[in-house]
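Proteins come first, then strands; the chains are lettered A, B, ... in the order of their sequence lines, and each starts at number 1. Quantities reported herein were computed from a predicted structural model and do not represent experimental measurements.
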2 protein chains.
Amino acid sequence: MARTSGSRAEITGPLVRGEARRLFARQGYAAVSMRQIAAAVGVQAGALYAYTPDKQALLADLLESHMQELLAAWTDAPEAPPLARLERFVRFHIDFSLDHADAVFLSYMELRNLTPENFARIAALRGRYEAVLEQILRAGVAEGQMRIEDAKLTTLALIAMLTGVTNWYREGGRLDRDRIAQIYWGLARGAVGA
Amino acid sequence: MARTSGSRAEITGPLVRGEARRLFARQGYAAVSMRQIAAAVGVQAGALYAYTPDKQALLADLLESHMQELLAAWTDAPEAPPLARLERFVRFHIDFSLDHADAVFLSYMELRNLTPENFARIAALRGRYEAVLEQILRAGVAEGQMRIEDAKLTTLALIAMLTGVTNWYREGGRLDRDRIAQIYWGLARGAVGA
DNA sequence: GTCTATAATCGGATAGAC
DNA sequence: GTCTATCCGATTATAGAC
C-alpha cells in the first residue's frame with residue numbers, strides 16, 4: 001500500500017478506476033474525496049490528476065464504460081423463440097448485475113451528479129439496453145407467445161425487478177445464483193402472460 | 001424568502017424537513033450543505049441547529065418518519081381474498097410512492113449514509129413493510145389462488161418492480177396513474193401465477 | 001428562534017521538483 | 001508518473017448578541 005515514488009501507470013490506472021468505483025458505490029460520489037481515493041490506491045492525491053482531468057470525469061467514465069460493457073456483453077439470438085430469448089435475457093441481466101454490483105449501484109444512484117452532457121450520453125446508452133428487452137417483448141407478442149398490455153412499461157418494470165437482486169443478494173446466502181435466476185425467470189414468464 | 005429575524009418555529013420546522021428532503025433527494029445527502037438548506041428555507045445556517053442536533057439526525061429523521069408514515073398509511077383487509085388484497089397493495093404502493101417520490105428515493109439511496117444504529121432502526125421498519133406483502137402472498141398460496149416458488153424473493157421482486165415507477169413517472173406523461181397501476185397489477189397478477 | 005461571526009477542518013485542484 | 005507543498009474556497013458546528 002504505502003509507496004514512495006516511481007512510475008507504474010499500467011497498474012495505477014485501473015486501480016484508480018477500481019477504487020473510485022468501490023468507494024463511490026459505498027459512500028456516494030459527493031461523500032468521497034480525491035484524497036480518499038488516492039489513499040486507497042496508494043498514491044498522493046495529486047497523482048490522480050494524471051489519470052483524470054477532474055472528479056466529475058472520473059465518475060462519468062465509470063458510468064459510461066459500465067454501460068458500454070453491458071451492451072457489449074449481451075449477444076442476442078434474434079432467430080430464437082421470444083420466450084427463450086427472454087429467459088436468456090433474465091439470466092444475463094441477473095448475472096451481469098451481480099458481477100458488477102458496484103457499477104450497477106452507481107449507475108442508479110449517481111446519474112444526478114453528472115453534468116447534463118454526461119447525463120445525456122449515458123442515458124442514451126441505457127435507452128439502447130432497454131430497447132433490447134422491449135424488442136424481445138414485442139416479438140413475443142407478435143408471435144403470440146406473450147400477452148402484454150404495454151411493452152415499454154413492462155420493459156421498465158422487468159428491469160427494475162431484476163436489478164433489485166443487487167439490493168439484497170449476498171454470496172453464500174440462502175439461495176445460489178442459479179436458483180435465484182430460476183425463480184426470477186418464473187416471475188418474468190408469468191408477468192408477460194406466458 | 002429573504003427575512004431578517006423573528007421566531008416562527010411552527011412554520012420553520014416543517015419547512016426545514018421539507019427542503020432538506022427535496023434537496024437530499026435531488027443532489028444526494030453528502031452533496032447538500034447546511035447553508036444550502038438554510039437558504040432554501042430562508043434562514044441562516046446556524047438557525048437550523050434549533051431543529052436538528054446535526055445533519056445526520058436530519059437525514060435519519062426523514063427516513064424514519066417516511067417509513068412510519070408508510071406503515072401507518074397501509075390498512076389491510078385480512079378477511080378479503082388474497083388476490084383482492086394483492087391488488088389493493090399494488091395500487092397503494094404505487095400511489096404512495098408517487099405521492100412521496102423524494103422520500104422513497106432517499107430511502108433507497110441514502111441508507112448507506114446512516115450510522116449503524118440509525119440504519120438498523122430503519123431497516124427494521126422496512127422489514128415490517130415487506131412482511132405485509134409476504135403475508136398476502138403466503139395467504140394466496142395457502143388458498144390456492146397463487147402459485148409462487150419463493151414468497152420472500154417474490155416479495156422483494158414485486159416491491160422493486162413497483163417502486164421502479166418513481167424512476168420514470170412524470171406528471172402529465174403518456175399514461176395516467178390509474179392506467180399505470182392497472183398495467184402493474186396485470187404484471188403482478190401474472191408473476192404470482194394468478 | 002434567529003442572527004452574525006468565527007473556529008477548525010476539509011474539499012478540489014495546481015505548481016514545481018525529481 | 002509521482003511527490004510535496006500550497007492556494008483558496010467551502011464545510012459543519014458553535015458562541016454570543018438580540
Side-chain angles (χ1 to χ4, degrees), chain A residues 1-24 26-63 106 110 112-115 117-118, chain B residues 1-24 26-63 106 110 112-115 117-118:
Chain A
M1 188 87 76
R3 176 154 54 88
T4 55
S5 182
S7 170
R8 358 172 120 190
E10 335 73 58
I11 67 168
T12 301
L15 220 49
V16 167
R17 295 166 56 85
E19 294 298 332
R21 184 187 303 113
R22 192 176 60 85
L23 289 168
F24 286 164
R26 275 164 186 62
Q27 307 179 36
Y29 170 76
V32 175
S33 70
M34 294 296 271
R35 284 173 174 80
Q36 209 179 338
I37 298 170
V41 171
V43 297
Q44 293 300 315
L48 295 181
Y49 292 87
Y51 299 94
T52 180
D54 53 33
K55 195 182 169 190
Q56 160 78 205
L58 185 52
L59 174 64
D61 271 4
L62 288 175
L63 296 194
L106 265 188
E110 303 296 356
R112 63 191 171 186
N113 279 312
L114 294 172
T115 60
E117 298 74 25
N118 286 333
Chain B
M1 186 86 78
R3 176 154 53 89
T4 55
S5 183
S7 172
R8 356 172 120 190
E10 336 72 59
I11 67 168
T12 302
L15 220 50
V16 167
R17 295 165 56 85
E19 294 298 332
R21 184 187 303 113
R22 192 176 61 84
L23 289 167
F24 287 164
R26 275 163 185 61
Q27 308 178 36
Y29 170 77
V32 176
S33 71
M34 295 296 269
R35 281 176 174 78
Q36 213 179 334
I37 298 170
V41 171
V43 298
Q44 292 301 314
L48 296 180
Y49 292 87
Y51 299 93
T52 180
D54 53 32
K55 196 181 167 190
Q56 160 78 205
L58 185 52
L59 174 64
D61 271 5
L62 288 174
L63 297 194
L106 266 188
E110 303 296 357
R112 63 189 171 187
N113 279 312
L114 295 172
T115 61
E117 298 74 25
N118 286 334

Run the side chain to side chain contact (heavy atoms under 4.5 Å, CB included) test on F24(A) and K55(A) for me, step by step, so that the C-alpha distance in whole Å, both residues' side-chain angles and the decisive distance to 0.1 Å come before the verdict. CA-CA 11 Å; F24(A) 286 164; K55(A) 195 182 169 190; 4.2 Å; yes

Is the side chain of Q56(A) donor-acceptor paired with the backbone N or O of T115(A) at a distance under 3.5 Å, no angle test?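 Between the backbone of T115(A) and the side chain of Q56(A) there is a qualifying donor-acceptor contact (under 3.5 Å).
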
Looking at A30(B), is its backbone amide N or carbonyl O close enough to the side chain of Y29(A) to form a donor-acceptor pair, meaning the two atoms are under 3.5 Å apart?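 Between the backbone of A30(B) and the side chain of Y29(A) there is no qualifying donor-acceptor contact (under 3.5 Å).
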
Within less than 4.0 Å of OP1 or OP2 of dT2(C), is there a side-chain N or O belonging to T12(B)?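 Looking at the OP1 and OP2 atoms of dT2(C), one of them is under 4.0 Å from a side-chain N or O of T12(B).
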
Starting from the 5' end of DNA chain C, give me the residue, Q36(A) or A47(B), whose nearest nucleotide shows up first.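 Residue closer to the 5' terminus by nearest nucleotide: A47(B).
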
Report yes if some heavy atom in the side chain of T52(A) is under 4.5 Å from a heavy atom in the side chain of V16(A); otherwise report no.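 A side-chain contact is absent here, since even the closest heavy-atom pair is not under 4.5 Å.
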
If I take atom [atom1] in residue [X] and atom [atom2] in nucleotide [N], what distance separates them, rounded to the nearest angstrom?
{"X": "Q44(A)", "N": "dG11(C)", "atom1": "CD", "atom2": "P", "result": "14 Å"}
{"X": "L48(A)", "N": "dT2(D)", "atom1": "CG", "atom2": "P", "result": "9 Å"}
{"X": "Y51(B)", "N": "dA13(D)", "atom1": "OH", "atom2": "C1'", "result": "17 Å"}

What's the closest nucleotide to the V43(A) side chain, out of dT2(C), dT2(D), dT4(C)?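 Between dT2(C), dT2(D), dT4(C), the one nearest the side chain of V43(A) would be dT2(D).
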
Looking at I11(B) and P14(B), what are the two nearest heavy atoms and their distance?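 Between these two residues, the closest heavy atoms are O-CD, 3.5 Å.
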
Extract from the structure each pairing of a protein N or O with an N or O of nucleotides 12-14 of chain C at less than 3.5 Å, listing the distance.
unit_1, atom_1, unit_2, atom_2, d
dG12(C), OP1, V32(A), O, 3.4
dG12(C), OP1, M34(A), N, 3.4
dG12(C), OP1, K55(A), NZ, 3.1
dG12(C), OP2, M34(A), N, 2.8
dG12(C), N7, R35(A), NH1, 2.9
dG12(C), O6, R35(A), NH2, 3.0
dA13(C), OP2, Y49(A), OH, 3.0
dA13(C), OP2, K55(A), N, 3.1

Residues in side-chain contact (heavy atoms from CB on, under 4.5 Å) with R26(A), at least two apart?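 With neighbours one apart ignored, the set is R22(A), D102(A).
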
